[in-house]
Chemist: 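Would you mind keeping the following structure in view while I ask a few things?
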There are 2 protein chains.
Amino acid sequence: MPIGLEVSEIKKLDEMIEKRRQVKQGQMLYANGDPFTSLYAIRTGFFKTCVVNEDGREQVTGFQMAGEIIGLDGIVSDQHSCSAIALEDAEVCIMPFASVEDLSREIPALQRHVHRVMSREIVRENGMMMMLGNMRAEERLAAFLLNLVQRLHARGFSQSEMVLRMTREEIGSYLGLKLETISRTFSKLSDDGIIEVKQRYVKILAPDTLKKLSNPQTCQTVL
Amino acid sequence: MPIGLEVSEIKKLDEMIEKRRQVKQGQMLYANGDPFTSLYAIRTGFFKTCVVNEDGREQVTGFQMAGEIIGLDGIVSDQHSCSAIALEDAEVCIMPFASVEDLSREIPALQRHVHRVMSREIVRENGMMMMLGNMRAEERLAAFLLNLVQRLHARGFSQSEMVLRMTREEIGSYLGLKLETISRTFSKLSDDGIIEVKQRYVKILAPDTLKKLSNPQTCQTVL
DNA sequence: CTAATCGTTTGATTTATATCAAGGACTTTG
DNA sequence: CAAAGTCCTTGATATAAATCAAACGATTAG
């Protein structure tokens with residue numbers, strides 16, 4: 001994944017990725033409390049990560065797709081503090097973290113890459129805190145949908161259409177809302193002609209309006 | 001900070017920390033958009049970090065005290081995506097990130113440490129997402145107060161008393177609540193005899209009750 | 001010492017979202 | 001095809017927290 005590597009370095013990276021693992025829909029890649037050994041690079045498929053409270057409340061902390069790295073939560077205490085569950089059949093590359101650290105010391109570009117991946121996750125979560133702390137339901141869902149299509153588009157899919165891999169309840173958990181609120185907000189956006197929704201299928205009809213919703217200021221700036 | 005280093009390694013670390021910087025109360029250590037060059041280890045004082053939305057809404061993403069590292073948000077894009085502001089006169093060690101990376105390649109214990117620090121931040125933010133997404137005002141404030149005293153206690157201060165460095169509004173921003181709600185919740189906890197509050201001074205009178213509030217399940221388990 | 005400012009508390013009211021409830025749509029299984 | 005199970009939608013109502021408003025306490029400036 002890091003760029004600008006020499007052939008010998010690429011070979012070492014290939015060796016590091018010792019094996020792959022298939023994860024069936026609904027199956028856990030790792031669970032809260034599992035010993036931490038490896039990071040996982042998603043090759044195909046779609047995951048959610050979630051933490052559970054002692055009283056059983058579940059918070060989805062992220063949705064991850066091909067090309068993204070999961071497992072970083074386990075580094076600090078050598079055990080995972082969240083669970084990763086496949087939302088569709090998936091395949092991951094297993095990257096033993098000890099090897100990642102060894103190779104990072106040899107290959108500065110890899111070291112850089114690892115640092116960036118971790119920093120990106122920190123920044124993403126800062127954004128989620130802003131979302132959960134300050135935004136209203138419609139803003140949250142708008143921002144969520146825009147983020148999803150943008151990431152899918154970067155992977156060669158449409159920039160206006162998608163099929164959600166998660167339930168309303170999982171979206172709600174991620175956005176700090178109840179499933180009914182997600183459903184109502186979908187209906188509202190649909191009634192307003194901003195999106196078209198048919199179950200898991202979503203088409204963005206008015207991307208600019210959606211962007212304004214996810215960030216009211218832009219709207220004011222335009223006026 | 002990492003342990004188990006040789007003398008020569010400690011010497012190198014000392015050289016890396018090229019200089020210190022004083023930050024007066026209310027002053028910014030770095031601002032959103034500033035070019036990223038260094039991490040900062042807080043020697044003394046107290047900081048808040050916050051992100052601002054395009055429409056000006058501010059979200060406090062953390063409160064940091066002596067011994068903690070700030071600036072990790074800047075790594076991914078070579079510029080800071082949040083601002084760090086001193087809530088009391090502070091002093092930080094400036095650690096140029098290029099040097100951190102260079103030394104990390106030489107000193108595995110430092111490399112390990114950097115990875116742990118970043119992972120810890122990711123895990124902390126996962127917990128914040130749980131808080132913001134699932135918990136009620138009283139639970140959030142209870143968890144917040146317990147976290148603060150615990151960290152202060154680890155630094156040699158009392159495990160039951162503290163003087164808050166931040167306003168009700170800043171606590172509210174961090175916890176996704178308005179300042180009035182923070183104030184009311186303080187009053188409620190005080191009326192219930194769980195804490196004693198006098199402006200910024202807070203004394204925890206019933207730590208077990210506070211723990212139960214921050215995690216209802218424990219309570220049910222006991223019953 | 002007085003005025004001004006900033007942060008806090010408290011009360012009254014509003015509101016966004018949660019909760020409770022029922023039914024509908026789609027999928028899977030027998 | 002029928003039955004069961006999921007997931008989703010929608011309506012009615014409840015509620016936690018926000019908002020609006022006023023006053024109070026502590027600190028700073030003149």
Side-chain angles (χ1 to χ4, degrees), chain A residues 24-26 46 48 55 57-60 85 87-89 131-145 162-192 195-202 213 216, chain B residues 24-26 46 48 55 57-60 85 87-89 131-145 163-192 195-202 213-214 216:
Chain A
K24 284 268 167 222
Q25 185 175 117
F46 200 93
K48 69 169 177 180
D55 57 330
R57 276 175 287 185
E58 182 176 300
Q59 172 73 36
V60 172
I85 293 148
L87 295 183
E88 63 179 19
D89 291 359
M131 191 119 126
L132 294 168
N134 279 301
M135 297 168 88
R136 284 171 318 95
E138 203 175 44
E139 297 180 70
R140 295 187 205 187
L141 189 60
F144 170 74
L145 292 175
M162 59 187 156
V163 176
L164 302 175
R165 252 68 232 208
M166 69 293 279
T167 66
R168 305 290 191 253
E169 185 163 20
E170 287 162 336
I171 297 172
S173 173
Y174 185 52
L175 300 180
L177 300 165
K178 294 295 164 187
L179 72 94
E180 294 95 329
T181 303
I182 299 298
S183 181
R184 280 185 236 274
T185 309
F186 265 126
S187 300
K188 169 88 164 39
L189 293 175
S190 179
D191 291 349
D192 294 351
I195 61 174
E196 187 188 321
V197 196
K198 185 96 191 282
Q199 300 286 124
R200 302 282 179 100
Y201 168 83
V202 177
L213 280 181
Chain B
K24 284 266 167 222
Q25 185 176 117
F46 200 92
K48 69 169 177 182
D55 57 330
R57 277 175 287 185
E58 182 176 299
Q59 173 73 37
V60 172
I85 292 149
L87 296 183
E88 63 179 15
D89 291 358
M131 191 119 125
L132 294 168
N134 280 301
M135 297 168 88
R136 286 170 317 95
E138 203 176 44
E139 297 181 69
R140 294 187 205 188
L141 190 59
F144 171 73
L145 292 174
V163 175
L164 301 175
R165 251 69 228 207
M166 68 293 279
T167 66
R168 304 288 191 254
E169 186 163 20
E170 286 163 335
I171 298 172
S173 173
Y174 185 53
L175 300 180
L177 300 165
K178 294 297 166 189
L179 70 95
E180 295 94 329
T181 304
I182 299 298
S183 181
R184 279 184 236 276
T185 310
F186 265 127
S187 300
K188 169 86 164 41
L189 292 176
S190 179
D191 291 350
D192 294 351
I195 62 174
E196 186 188 322
V197 196
K198 185 97 192 281
Q199 299 287 122
R200 302 282 178 100
Y201 168 83
V202 177
L213 279 182
S214 80

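Just so we're on the same page: letters track the sequence lines, and every chain starts at 1. Hydrogens, waters and symmetry mates play no part in the numbers below; they use all other heavy atoms, side chains included.
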Chemist: Let's see if you can work this out: which of D:dC7, D:dT10, C:dT10 has an atom nearest to the side-chain heavy atoms of A:Ser183?
Modeler: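 Ranking D:dC7, D:dT10, C:dT10 by closest atom to the A:Ser183 side chain puts D:dT10 first.
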Chemist: Counting only heavy atoms not in A:Glu88 (residues, nucleotides, ligands), do more than 12 fall under 6.0 Å from its CD?
Modeler: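 Result for CD/A:Glu88: enclosed.
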Chemist: Is the number of heavy atoms from other residues, nucleotides or ligands within 6.0 Å of CD (B:Glu58) greater than 12?
Modeler: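 More than 12 heavy atoms, drawn from other residues, nucleotides or ligands, come within 6.0 Å of this atom.
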Chemist: Taking only side-chain nitrogens and oxygens of B:Arg168, does any of them come within less than 4.0 Å of OP1 or OP2 of C:dT9?
Modeler: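 Yes, B:Arg168 has a side-chain N/O under 4.0 Å of OP1/OP2 on C:dT9.
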Chemist: Whole Å only: how far is the NZ atom of A:Lys198 from the P atom of D:dC8?
Modeler: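 Atom NZ in A:Lys198 sits about 14 Å away from atom P in D:dC8.
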Chemist: Start at the 5' end of DNA chain C and walk down; is the nucleotide closest to A:Glu180 or to A:Glu138 reached first?
Modeler: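 This one resolves to A:Glu138.
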Chemist: If you measure from CD on B:Glu139 to CG on A:Asp55, what distance do you get to the nearest 0.5 Å?
Modeler: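 Answer for the CD-CG pair, B:Glu139 versus A:Asp55, is 7.0 Å.
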Chemist: A:Asn134 has an atom CG; how far is it from atom C1' of D:dA18, in whole Å?
Modeler: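 Distance check: A:Asn134 CG to D:dA18 C1' gives 13 Å.
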Chemist: Side-chain donor or acceptor of A:Glu169 under 3.5 Å from a matching atom on the base of D:dC8?
Modeler: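 Answer is no: no donor-acceptor pair is held.
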Chemist: Could you check which of C:dA18, C:dT8, D:dG11 has an atom nearest any side-chain atom of B:Gln199?
Modeler: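 When the side chain of B:Gln199 is considered, C:dT8 is the closest of C:dA18, C:dT8, D:dG11.
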Chemist: Could you state the OH-C1' distance from B:Tyr201 to D:dA26, rounded to the nearest angstrom?
Modeler: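 My rounded result for the distance is 18 Å.
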Chemist: State whether the side chain of A:Arg140 and the backbone N or O of A:Met135 hold a donor-acceptor pair below 3.5 Å, judged by distance alone.
Modeler: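 Such a contact is found between A:Arg140 side chain and A:Met135 backbone.
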Chemist: About how many Å separate CD1 of B:Ile195 and CG of B:Leu141, when rounded to the nearest 0.5 Å?
Modeler: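 If I round to the nearest 0.5 Å, the distance is 6.5 Å.
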Chemist: Side chain of A:Lys178: nearest nucleotide among D:dA18, D:dC7, C:dA18?
Modeler: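 Selected nucleotide: C:dA18.
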Chemist: B:Arg165 has an atom CZ; how far is it from atom P of C:dG7, in whole Å?
Modeler: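 It works out to 16 Å between those atoms.
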Chemist: Test for a donor-acceptor pair under 3.5 Å between the base of C:dT17 and the side chain of A:Arg140, counting only N and O atoms.
Modeler: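 Absent.
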Chemist: Would you indicate what B:Leu179 reaches in the nucleic acid, counting non-hydrogen atoms under 4.0 angstrom: base, sugar-phosphate, or nothing?
Modeler: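 Base, at least one base atom sits under 4.0 Å.
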Chemist: What's the CG-P distance between B:Asp191 and C:dT10, to the nearest Å?
Modeler: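 Roughly 7 Å, once rounded to whole Å.
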Chemist: What's the CZ-P distance between B:Arg136 and C:dT17, to the nearest Å?
Modeler: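 Taking atom P of C:dT17 as the reference, CZ of B:Arg136 is at 18 Å.
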Chemist: Side-chain N or O of A:Thr181 versus OP1/OP2 of C:dT17: is the shortest distance under 4.0 Å?
Modeler: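 Answer is no, no contact under 4.0 Å.
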Chemist: At 4.0 Å (heavy atoms only), tell me whether A:Gly172 reaches a base, stays on the sugar-phosphate, or touches nothing.
Modeler: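 Answer is nothing: A:Gly172 stays at 4.0 Å or more from every strand.
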Chemist: What's the CZ-C1' distance between B:Arg184 and D:dA22, to the nearest Å?
Modeler: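 Spelled out: CZ on B:Arg184 to C1' on D:dA22 is 12 Å.
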Chemist: Compare side-chain N and O positions of B:Arg200 against OP1 and OP2 of C:dT8 and report whether any pair is under 4.0 Å apart.
Modeler: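 Yes, such a contact exists.
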Chemist: Could you check how far NZ of B:Lys188 sits from C1' of C:dT9, rounded to whole Å?
Modeler: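 My rounded result for the distance is 17 Å.
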